[in-house]
Amino acid sequence: MNRPVKKWTYQDRIIAPSLLAADFGRVRDETSRAINAGADWMHLDVMDGHFVDNISFGPDIILAVHETNDVFLDVHLMITRPDHFLPRFIAAGADLITVHVEPEADHDVSKTLAAIRAAGCKAGLALNPATPFEKVEPFLGEIDLLLVMTVVPGFGGQPFMEDMMAKVEKGVALRAERGLNYHIQVDGGVGTETAATASKAGANVLVAGSSTFSAPDMAAAITAIRQA
Ligand code: DX5
Ligand code: ZN
């Protein structure tokens, strides 16, 4: 499939359902269901059982999604050595690849971000709830997206940590101050109410797993998050 042509900016409100909450026996149909329900991006959570205490899926599942859909693929790598696995995710059709800033991810953050961009992908940088904002500050000029985790990564269905909004606000302030241009994404516990909180703080990309895939009416759930 061709890469999407739309140029997303941080002025866009972007809803990214997380495939983690889908029926894994039908990932292609589940992706189509999300797109038909109004998803802008698909958020793909890759977990390796080392960086986080769970194992999800790898490049082959992402390729399966990519081969049947033109949707923008937002790949969130919760893995150690993301630099080592990068070429496989790029080949699988990722449009944006987000890596973690924590030392446990075991990579040279600047080098990885540069390698992602050199491959023609957008580069994202994530920080866990326990990681202070200062850790991402040196890299803000090297990213297309800042991911503020609003749960401890590893599992869907956890409650939204509202105190992370201070990091979102910091991301907004530094973006303006330094004349930068990156999306701000929140991930974990996002539903209608928390989407309003996150948007108010300045996040424009809202990842939502359980609140979309498990909703009785996915289109209504996505619309509600978009309008929150
Ligand atoms: C958590 C993942 C999230 C997760 C969110 O480790 O990074 O993307 O799928 O799930 P919900 O929206 O159910 O909290
Ligand atoms: Zn995620």
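When a ligand or atom number is given, it counts from 1 through the structure's own listing order. Please read all numbers here as calculations on a predicted model, not as lab measurements. When reading the values below, keep in mind they use all heavy atoms of this one structure, side chains included, and skip hydrogens, waters and symmetry mates.
- Here's the thing with S211: none of its N/O atoms is less than 3.5 angstrom from an N/O atom of ligand 1.
- Close approach of ligand 1 to M47 is summarised as follows: ligand atoms under 4.0 Å from at least one heavy atom of the residue are 6 (O).
- For a threshold of 3.5 Å applied to N or O pairs, the pair formed by V207 and ligand 1 contains no separation below that value.
- Rounded to the nearest 0.5 angstrom, F51 CZ and T80 OG1 are separated by 9.0 Å.
- Ligand 1 lies nowhere less than 4.0 angstrom from a heavy atom belonging to A21.
- Under 4.0 Å is where a charged nitrogen must lie from a carboxylate oxygen, and between R226 and D40 at least one such pair does.
- In this structure, NE2 of H43 and OD2 of D187 enclose an angle of 100° at the Zn ion (ligand 2), rounded to 10°.
- Not one N or O of G188 is nearer than 3.5 Å to an N or O of ligand 1, by distance alone.
- At a threshold of 4.0 Å, the pair E102-K135 does not count as salt-bridged, since none of the basic side-chain nitrogens sits closer than that to a carboxylate oxygen.
- Residue contacts with ligand 1: G154 is placed with a nitrogen or oxygen under 3.5 Å of a nitrogen or oxygen of the ligand (distance criterion only).
- Residue F155 approaches ligand 1 through these ligand atoms, each under 4.0 Å from one of its heavy atoms: 1 (C), 6 (O).
- Close approach of ligand 1 to G156 (heavy-atom distance below 4.0 Å) involves ligand atoms 10 (O), 13 (O).
- Between the Zn ion (ligand 2) and the N, O or S atoms of D45, the shortest distance is to OD1.
- One option in N54, L19, D45, V152 has a heavy atom closer to atom 4 (C) of ligand 1 than any other, and that option is D45.
- Closest to atom 12 (O) of ligand 1 among all protein heavy atoms lies G209 N, 2.7 Å.
- Exactly one of I97, I143, L125 qualifies for a side-chain contact (heavy atoms from CB on, under 4.5 Å) with I116. That residue is I97.
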